[in-house]
Amino acid sequence: MGTGTAGTGTDETVGERRRLINVAYRLLGSLAEAEDAVQEAYARWYALPRSRQDEIVSPGAWLTTVTGRVCLDVLGSARARRERYVGAWLPDPLPDRTEWGHGPGTDPADQMVLDESVSMAFLVVLESMTPAERVAFVLHDVFRYPFAEIAGILRRTPAACKQLAASARRRVRDARAPATATAGAVRADVVRQVKEAWEAKDIAALVDLLDPAAVMTADGGGNAGAAPRPIEGGARIAQYMAAIAQKAPGLELLERSVNGAPGIVARRCGAVLTVAAFEVAEGRVTRVWAVRNPDKLRPWIG
């Protein structure tokens, strides 16, 4: 970034929005909260006197610092809000807009870079971190920010930020299944078989595709029916999935990318009811995350 001289600072800040949305979503796991955080950062930028803007050498770095601090505050209050949340809380699922006939737009979901750092499995692990760990880890390990810059956001020393990132890294390592993650093509094939077995209400086929110790977590947010607690065990999950299909005649299942990985979207009469993400290891499904809260499915309309 160049020096923020007159006539260039504002132009630079406009181009930063996509990167800031990507940072904020990974920090918060919520598209709406990410957009609010970025909007707040821009509001603070435009509230600065022009003379102060011109003094700022890197408007992008300034906006990142402010966005990071806003996200830190949101994360601090999120824990209490999520304790009041009805049922399990899951991160917002992200569509691949090209699969829905959309080109890049201005909606936050359209700005997302879909890579491993937005996979549902990764975001769920991030939820287990302290706010400071999450900020240090995401900014350093995902976005390659130096600890000297992260120190300014967290108001801690670079050494302390390095320790926070190391602690977060251990959480990620400990949360990973000992089994080797299944390659993309095989994973897509497993998800396709799950879709076909689900459509056929074939419990035996579903049991074969699910790891015996698989866990399914559903997020209805009190706005849609969902299992209030995680369902444990492949056989129980298979029975639950078959029962859903039985109770919803006309349910249409689509293979779609969810957070950059193979997933399933369930529609009825054209309305998206469920977006399911999967973790697959050694050719079997080990985790299912089913988002049913309509507030989190708005980017899937269209």
Side-chain angles (χ1 to χ4, degrees), residues 1 16-42 44-45 56-83 85 88-92 94 108 112-178 181 217 259-260 279 287 289:
M1 288 264 178
E16 292 292 325
R17 184 175 186 274
R18 185 169 192 259
R19 182 179 58 81
L20 294 171
I21 286 285
N22 274 273
V23 168
Y25 171 77
R26 287 162 175 79
L27 289 178
L28 301 174
S30 162
L31 282 170
E33 289 180 348
E35 185 173 34
D36 287 347
V38 173
Q39 290 292 91
E40 175 63 21
Y42 274 106
R44 294 185 191 182
W45 169 261
I56 295 171
V57 173
S58 174
W62 188 94
L63 283 165
T64 301
T65 296
V66 175
T67 300
R69 286 178 180 165
V70 171
C71 289
L72 191 63
D73 290 342
V74 172
L75 286 169
S77 63
R79 199 150 292 193
R81 281 187 286 113
R82 287 171 192 172
E83 284 173 3
Y85 193 82
W89 186 95
L90 291 175
D92 291 6
L94 293 175
M112 299 305 303
V113 175
L114 300 175
D115 60 21
E116 187 60 32
S117 68
V118 295
S119 72
M120 194 63 73
F122 189 75
L123 292 173
V124 167
V125 176
L126 293 182
E127 282 294 310
S128 70
M129 299 177 184
T130 68
E133 282 177 341
R134 188 165 181 169
V135 171
F137 176 74
V138 168
L139 289 180
H140 182 266
D141 284 41
V142 178
F143 291 96
R144 302 301 174 192
Y145 282 89
F147 287 118
E149 287 186 30
I150 297 168
I153 295 170
L154 292 178
R155 296 185 174 96
R156 304 191 188 200
T157 65
C161 294
K162 190 173 183 179
Q163 286 295 322
L164 286 167
S167 173
R169 220 171 283 128
R170 283 193 295 273
R171 289 182 189 260
V172 172
R173 187 172 62 246
D174 292 346
R176 284 200 171 128
T217 305
N259 289 61
E279 186 173 62
R287 291 296 305 258
W289 297 281

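Hydrogens, waters and symmetry mates play no part in the numbers below; they use all other heavy atoms, side chains included. All of these numbers come straight from a predicted model, not from anything done at the bench.
The CG atom of Leu139 sits 7.5 Å away from atom CG of Leu154, with the distance rounded to the nearest 0.5 Å. Taking CG of Asn22 as the reference point, atom OG of Ser117 lies at 8.0 Å (rounded to 0.5 Å). Distance CG/Leu126 to OG/Ser119: 8.5 Å, rounded to 0.5 Å. Put simply, CZ on Arg170 and CE on Met129 are 11.0 Å apart, with the number rounded to the nearest 0.5 Å. Summarising the geometry, atom OG1 belonging to Thr217 is positioned 12.5 Å from atom CH2 belonging to Trp89; distances are rounded to the nearest 0.5 Å. Asp36 CG to Glu33 CD: the interatomic distance, rounded to the nearest 0.5 Å, is 7.5 Å.
Surrounding CZ of Arg156 are at most 12 heavy atoms belonging to other residues, nucleotides or ligands under 6.0 Å away. In this structure, Gln163 places its CD atom where only 12 or fewer heavy-atom neighbours from other residues, nucleotides or ligands lie under 6.0 Å away.
In terms of modelled atom types and a separation under 3.5 Å, the side chain of Thr64 and the main chain of Gly60 share a donor-acceptor contact. Using modelled atom types, one side-chain atom of Arg69 and one backbone atom of Gly152 make a donor-acceptor pair closer than 3.5 Å. Between the side chain of Asn259 and the main chain of Met120, no donor-acceptor pair closer than 3.5 Å is present. A donor-acceptor pair is defined here as one N or O able to donate and one able to accept, closer than 3.5 Å; no such pair exists between the side chain of Tyr25 and the backbone of Val118. Judged by distance alone, with hydrogens and angles left aside, the side-chain atoms of Arg134 form a donor-acceptor pair with the main-chain N or O of Arg26 at under 3.5 Å. Using modelled atom types, one side-chain atom of Ser128 and one backbone atom of Val125 make a donor-acceptor pair closer than 3.5 Å.
Glu133 and Arg169 are not joined by a salt bridge, as no carboxylate oxygen comes within less than 4.0 angstrom of a charged side-chain nitrogen.
Between Tyr145 and Phe143, the two ring planes are tilted [angle within 30° to 60°].
The heavy-atom pair separating Cys161 from Ala136 by the smallest distance is O-CB, 3.7 Å. When all heavy atoms are compared, the tightest approach of Ala132 to Leu164 is CB-CD1, 3.8 Å. The nearest pair of heavy atoms linking Leu75 to Pro131 is CB-CB, 3.7 Å. Of all non-hydrogen atoms in Ala24 and Thr67, the two that sit nearest each other are CB-CG2, 4.2 Å. Considering all non-hydrogen atoms of both residues, Leu28 and Ala37 come closest at CD1-CB, 4.3 Å. Closest non-hydrogen pair, Tyr42 versus Arg17, comes out as OH-N, 3.0 Å.
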Exercise for review: Take Leu123 and Trp289, measure what side-chain contact (heavy atoms from CB on, under 4.5 Å) needs, and give me the verdict at the end.
Suggested key: CA-CA 11 Å; Leu123 292 173; Trp289 297 281; over 6 Å; no
Exercise for review: Using the side-chain contact (heavy atoms from CB on, under 4.5 Å) rule, take Glu127 and Leu90 through it: C-alpha gap first, then chi angles, then the decisive distance, then the call.
Suggested key: CA-CA 9 Å; Glu127 282 294 310; Leu90 291 175; over 6 Å; no
Practice item. For the pair Phe137 and Val172, evaluate side-chain contact (heavy atoms from CB on, under 4.5 Å) and give the outcome as yes or no after the intermediate values. Key: CA-CA 10 Å; Phe137 176 74; Val172 172; 3.8 Å; yes
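Within the 4.5 Å cutoff, the side chain of Val113 has heavy atoms near those of the Arg18 side chain. Between Pro91 and Val124, the closest side-chain pair of non-hydrogen atoms falls below 4.5 Å.
Each of Val138, Val142, Val70, Val74 was scored for a side-chain contact (heavy atoms from CB on, under 4.5 Å) with Leu27, with one residue passing: Val138.
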